[in-house]
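Notes follow once the structure below has been shown.
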Amino acid sequence: MAVRSVLQTIAKPATWALGLDRLDSFATIFRQCRCILTVPREFLESSSAKLVNPRQNMINSDTVSLSFPASTFRGLSDEKLLALFTKGFFGGWVFYLQSLLLKAGAWKIIPVKFTGFRDNSQQRDIWSQSDIPETTLLPVGDTLYRCFKVIDVHLASASNPYPSYVDFGYGQDQSVFTGCHRFRIVRSGTANELGEENIEFNLEGFRCNPRENIPSAAEIFAWFHVLYAELLFARSVQACLQRRL
């Protein structure tokens with residue numbers, strides 16, 4: 001991405017001068033993360049994708065990822081890491097302005113709603129960053145700022161080793177804009193050059209016009225969406241590396 005390359009070039013001297021080249025520095029994570037304009041097929045074939053995009057209209061998608069030696073997160077479970085990632089994403093400084101706007105009433109523009117999702121009396125609406133847990137995942141049905149709903153959670157186990165993830169749907173399937181974020185952790189069974197297994201963080205997402213098979217109006221700002229995703233990803237991974245916010 002041209003914009004990202006410019007930001008990285010500008011950031012390098014400042015990063016060196018301020019000593020921001022530590023593993024857990026935001027600048028280091030932002031420089032090293034990788035973005036591709038696609039998502040795994042299994043995500044697009046998932047129950048979350050069918051809920052958000054029931055007519056299977058055309059989508060625009062992206063994945064931001066970064067790998068570390070698994071020993072970097074020794075002792076931290078997938079759920080703990082996904083919880084920290086979630087808090088870094090929705091409760092960190094990158095998302096702060098958006099959270100203020102949503103709390104001020106912007107959520108009313110397009111509150112999250114999916115006709116195929118059955119709400120229940122136990123689900124919560126979370127408005128405060130302090131209410132986003134750091135050790136456990138939000139249960140399916142809970143919403144953040146009335147705009148992001150937890151629609152699926154999976155934690156890898158011996159009986160189902162598929163990589164752990166949590167899905168957040170946004171928008172409305174009866175409107176002209178909707179989408180889904182998947183936070184996913186992949187533990188590689190293949191050793192790296194140092195003989196260690198890797199752990200990969202992924203921020204996968206797609207957006208679409210669920211009513212018509214045309215790009216959503218949001219694609220006018222596609223370049224900003226990708227940059228914003230990379231910034232949110234960097235803050236989320238930083239939260240995991242720091243173990244706490």
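Hydrogens, waters and symmetry mates are skipped; everything else that's a heavy atom, side chains included, is used. Quick note: residue numbers are just sequence positions, from 1. Just so we're clear, the structure is a prediction, and the values are computed from it rather than from any experiment.
In the hydrophobic clustering of ILVMFWY residues, with side-chain heavy atoms under 4.5 Å counting as a link, Trp93 and Leu102 come out together. In the hydrophobic cluster analysis, where Ile, Leu, Val, Met, Phe, Trp and Tyr join through side-chain heavy atoms closer than 4.5 angstrom, Tyr162 is grouped apart from Phe183. Put simply, Phe89 and Val64 are part of the same group of oily side chains (I, L, V, M, F, W, Y) that touch within less than 4.5 Å, one to the next. The hydrophobic clustering, which links ILVMFWY residues whose side-chain heavy atoms are closer than 4.5 Å, places Tyr228 and Tyr170 together. Under a hydrophobic-cluster definition in which Ile, Leu, Val, Met, Phe, Trp and Tyr are linked whenever side-chain heavy atoms come within less than 4.5 Å, directly or via other members, Met58 and Phe177 are assigned to different clusters.
Using a 4.5 Å heavy-atom cutoff, the side chains of Leu82 and Val153 are not in contact. Within the 4.5 Å cutoff, the side chain of Leu241 has heavy atoms near those of the Thr72 side chain. The closest side-chain heavy-atom distance from Val166 to Phe85 is not below 4.5 Å. Proximity of Leu144 to Leu138: side-chain heavy atoms (C-beta onward) are separated by under 4.5 Å at one or more points. Proximity of Glu134 to Leu84: side-chain heavy atoms (C-beta onward) are separated by under 4.5 Å at one or more points. Residues Phe30 and Leu231 form a side-chain contact, since some pair of their non-hydrogen atoms from C-beta on lies under 4.5 Å apart. The side-chain heavy atoms of Cys35 and Val226, taken from C-beta on, include a pair separated by under 4.5 Å. Within the 4.5 Å cutoff, the side chain of Leu137 has heavy atoms near those of the Leu155 side chain.
For Asp142, the side chain to side chain donor-acceptor pair (under 3.5 Å) partners two or more places apart in sequence, or in a different chain, are Arg124. Listed by chain and number, the residues in a ring pair (Phe, Tyr, Trp, His ring centres under 6.0 Å) with Phe206 are Phe43 (sequence neighbours excluded). With sequence neighbours left out, Arg184 forms a salt bridge (Lys or Arg N to Asp or Glu O under 4.0 Å) with Glu204. Looking at residues two or more places apart in sequence or on another chain, you find a side-chain contact (heavy atoms from CB on, under 4.5 Å) between Ser77 and Glu79, Lys80. Partners of Tyr96 according to the side-chain contact (heavy atoms from CB on, under 4.5 Å) rule, which considers only residues two or more places apart in sequence or in another chain, are Ser99, Leu100, Gln129. Shown here are the side-chain contact (heavy atoms from CB on, under 4.5 Å) partners of Ser65, two or more places apart in sequence or in another chain: Arg34, Glu200, Asn202. In this structure Glu45 satisfies the salt bridge (Lys or Arg N to Asp or Glu O under 4.0 Å) test together with Arg41, sequence neighbours excluded. By the salt bridge (Lys or Arg N to Asp or Glu O under 4.0 Å) test, Asp152 pairs with no residue at all, sequence neighbours left out. Remark: Asp131 engages no residue in a salt bridge (Lys or Arg N to Asp or Glu O under 4.0 Å) (not counting sequence neighbours). Under the ring pair (Phe, Tyr, Trp, His ring centres under 6.0 Å) criterion, His225 pairs with no residue, sequence neighbours left out. When the side-chain contact (heavy atoms from CB on, under 4.5 Å) test is applied to Asp173, the partners found at least two apart in sequence or on another chain are Pro54, Phe114, Thr115. For Phe221, there are no ring pair (Phe, Tyr, Trp, His ring centres under 6.0 Å) partners at least two apart in sequence or on another chain.
Using a 3.5 Å distance cut-off with no hydrogens or angles, the side chains of Ser159 and Ser157 do pair a donor with an acceptor.
Using modelled atom types, one side-chain atom of Gln172 and one backbone atom of Pro111 make a donor-acceptor pair closer than 3.5 Å. For Asn57 (side chain) and Pro210 (main-chain N/O), a donor-acceptor pair under 3.5 Å exists by modelled atom type.
Between the OG atom of Ser61 and the CG atom of Leu37 there is a distance of 7.0 Å, given to the nearest 0.5 Å. Put simply, OG on Ser236 and CG on Leu81 are 12.0 Å apart, with the number rounded to the nearest 0.5 Å. Taking CD from Glu212 and CZ from Arg55, the interatomic distance works out to 10.0 Å, rounded to the nearest 0.5 Å. Distance check: Ser25 OG to Gln238 CD gives 7.0 Å after rounding to the nearest 0.5 Å. To the nearest 0.5 Å, atoms CG (Asn213) and CD1 (Ile59) are separated by 11.0 Å. With values rounded to the nearest 0.5 angstrom, Arg187 atom CZ is found 12.5 Å from Ser67 atom OG.
The number of heavy-atom neighbours closer than 6.0 Å to CD of Gln122, taken from other residues, nucleotides and ligands shown, is 12 or below. The 12-atom threshold is exceeded at CD of Gln123, counting heavy atoms of other residues, nucleotides or ligands nearer than 6.0 Å.
Between Asp167 and Ser48, the closest heavy-atom pair is OD2-OG, 2.6 Å. Considering all non-hydrogen atoms of both residues, Arg22 and Thr28 come closest at O-OG1, 3.0 Å. Taking every heavy atom of both residues into account, Ile29 and Leu23 meet most closely at CG1-O, 3.8 Å. Shown here for Cys180 and Ile151, the closest heavy-atom pair between the two residues is SG-CD1, 4.1 Å. Minimum heavy-atom separation, Ala70 to Ile199: CA-CG2, 3.9 Å. Between Ile110 and Ser175, the closest heavy-atom pair is CD1-OG, 3.6 Å.
Between Trp107 and Trp127, the ring planes lie perpendicular to each other; the angle is over 60°, past the 30° to 60° tilted range. Using bins of under 30°, 30° to 60° and over 60° for the plane-to-plane angle, the ring pair Phe95/Tyr145 lands in the tilted bin.
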Inset, instruction - Go through the steps to decide whether Val176 and Ser216 satisfy the test side-chain contact (heavy atoms from CB on, under 4.5 Å), and finish with yes or no. - result: CA-CA 7 Å; Val176 296; Ser216 73; over 6 Å; no
Inset, instruction - Mind running salt bridge (Lys or Arg N to Asp or Glu O under 4.0 Å) on Glu219 and Arg207 for me, showing each step along the way? - result: CA-CA 9 Å; Glu219 295 317 302; Arg207 54 205 181 273; 2.8 Å; yes
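Between Phe201 and the choices Phe73, Tyr165, Phe233, the ring-ring contact (aromatic ring centres under 6.0 Å, His included) rule is met once, by Phe73.
Remark: aromatic rings of Phe168 and His181 are distant, center separation not under 6.0 Å.
Electrostatic pairing of Asp119 and Lys149 counts as a salt bridge here, judged by a charged N lying under 4.0 Å from a carboxylate O.
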